[in-house]
Amino acid sequence: MASEPSLPPIQVYDTLARSVHPLAVREEGKASVYCCGPTTYDVAHVGHARSAVAFDLLVRVLRHRGYTVTHVRNVTDVDDKILARAKETGEEPTALSARMAKLYDEDMEALGCVSPTHAPRVSETIPEIVDVIDRLIKNDAAYAVPGEGNRGGDVYFRVRAFRGYGKLSGRNIDEMRSGARIEVDERKEDPLDFALWKGAAEGEWAWDSPWGRGRPGWHIECSAMSAKFLGHGFDIHGGGMDLIFPHHENEIAQSEAAFPNQGNFANCWMHNGFVNIDKEKMSKSLGNFVTVRDALQRNDAEAIRLYLLAHHYRGPIGWEVEKLSDGRVVFPGVDDAEKKIDYLFTTLARVNELTVAVSSGELPKPYNEALASVNAARQEAFASLADDLAAANAIAALYRIAATLNEMLDLHVRKKGDRPAIGRVIGVASHALREIADVLGILRVSPTAYARRTRAQRLALLGRSESEIDGKVQERVDARAQKDFARADAIRKELETIGVELFDGADGTTWKVRK
RNA sequence: GGUGAGGUAGCCAAGUGGUUAGGCAACGGUUUGCAAAACCGUUAUACGCGGGUUCGAAUCCCGUCCUCACCUCCA
């Protein structure tokens, strides 16, 4: 169902098959995607952002290729960690959850992630969760253990009863026993069994169920939610690589045991790699994390997104953190990405300022070649994205197209070349640039809006005010008017040392804060 | 112990058998009062190490070293 027949079919790496294979959807022209979202006990770090961006890219690519995508991303707003954190802060767990879920949405929106079609919450899916557990008990795949005293009962999944257990993560049950540290829990029939429902004491944060008051186990919500919105056997299930075991393995076990003889729970499994700091996985438990909000304070959202996209979604990303001598913390890799975003926006700004005649006839050779190179770059970009979301190649194509645009713009500015031919190349190239950027989810605002917001952010980081810089610039403009170039150069140098670059253009002097 | 990911030029990072990845930094050129931006060129016959297959290997095979992750909460 490609909207453009010349583009190759989409293929992705499937963790279950351990290979790249063509995407097969159960319903022509439609794609169903379920992604594991956050557990809302704290703000998101850039590892969460990476996962969201990776699957946002998937959804964008699918939509660009003509698929109608139903994208479900859950919010685990009921969890022991939320309860524990709420006890620390004195907040109601539900309030903490709701607050963090809102911040997560804000962060991901800032990073250009399109809102999922459905974002179900555990707290609003309890009846469906109870229903799946009930099915599992009826299918002998799970068993209830009565609670004691005023505690509700527990329900456990009978791992050994599910024949396919381990197929996603490549583990076998007996090898796991020797390696895993398993807490002795007398209520379980087998140490491998995991909780579907956990009984809670009277007065605790809990919901009613046939087994007494309690809360759902960690994995069951995804089985219930995906069934609710996508049904059994949906197309793609996504999440971070650390979820393969046990979370996704358990989802498969639950869903396939609840709906036996109905085929695979999900047709294809995609997993994103980690964000590392100093070669170690960024994680809450290690404490080596950078929150999305930290990152957004120091860099533009577009730059963060580009940095994440510039690495293949399955590989690791090293998030560089550098402490400057003055104590400030910077992210050099993201700064680098921000320069690239600057370049692309600057190119677009030049295009926007231009009004030019457009040739419709046969183009002279050099322009024809430029046009061919743009079209080849565009083709390459979308072919790469179709090949397991190779975004880095699409980004490379972006630079190639931008270089052609700037080359044409330079010719135009210098009043050289064939203007209508230049106009035609610029028209095609800028359209291709925007189209690719759109699928990548970058260059989402106007160049002027970007310039305005990055200037404000960079000035704030430098501790300078706009009027202060404007004053200096005006001083220099006056000096130049009097041909006092020594004074003008001194001011230029002074501004340069604090990170401000000047540009003497035909319409006067403009300035920019360097990243 | 089991399972998986990765080691590519100063740095970041694509690439799974044969013609350019791309970016950053540095340097040279065009342009500029000087700069910046932009464009062109150079740095770059790079692929952890040792064997092997092949006319040809970063890419396939065997061995080996190193890093990281999962097996416990984790995107």
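None of these values were measured; they are calculated from a predicted model. Throughout, protein chains are lettered first and strands after them, A, B, ... in sequence-line order, and every chain is numbered starting at 1.
A straight line from CG of A/L411 to P of B/rC40 spans 11 Å, rounded to a whole angstrom. Rounded to whole Å, the distance from CG on A/L495 to P on B/rC34 is 20 Å. Nucleotide B/rA36 holds its C1' atom 8 Å from the CD atom of A/E496, rounded to whole Å. A/R314 has its CZ atom 16 Å from the C1' atom of B/rA13, to the nearest Å. What separates CG of A/D278 from P of B/rC66 is a distance of 20 Å, to the nearest Å. Per the geometry, CD1 belonging to A/I317 stands 9 Å off P belonging to B/rA13, to the nearest Å.
Under the 6.0 Å distance and 45° angle rule, A/R314 counts as a cation-pi partner of A/Y13.
Taking the six-membered ring where tryptophan is involved, the planes of A/F194 and A/F157 are essentially parallel, since the angle between them stays under 30° and well short of 60°. Between A/F234 and A/H237, the ring planes lie tilted relative to each other; the angle falls in the 30° to 60° range.
Here the nucleotide nearest the side chain of A/S285, chosen from B/rA38, B/rA14, B/rC73, is B/rC73. Distances were taken from every side-chain heavy atom of A/A396 (C-beta onward) to each of B/rU67, B/rG33, B/rG22; the shortest belongs to B/rG22.
Mapped onto RNA chain B by nearest heavy atom, A/K340 and A/T404 fall at different nucleotides, with A/K340 at the one closer to the 5' end.
Between the CZ atom of A/R171 and the NZ atom of A/K167 there is a distance of 15.5 Å, given to the nearest 0.5 Å.
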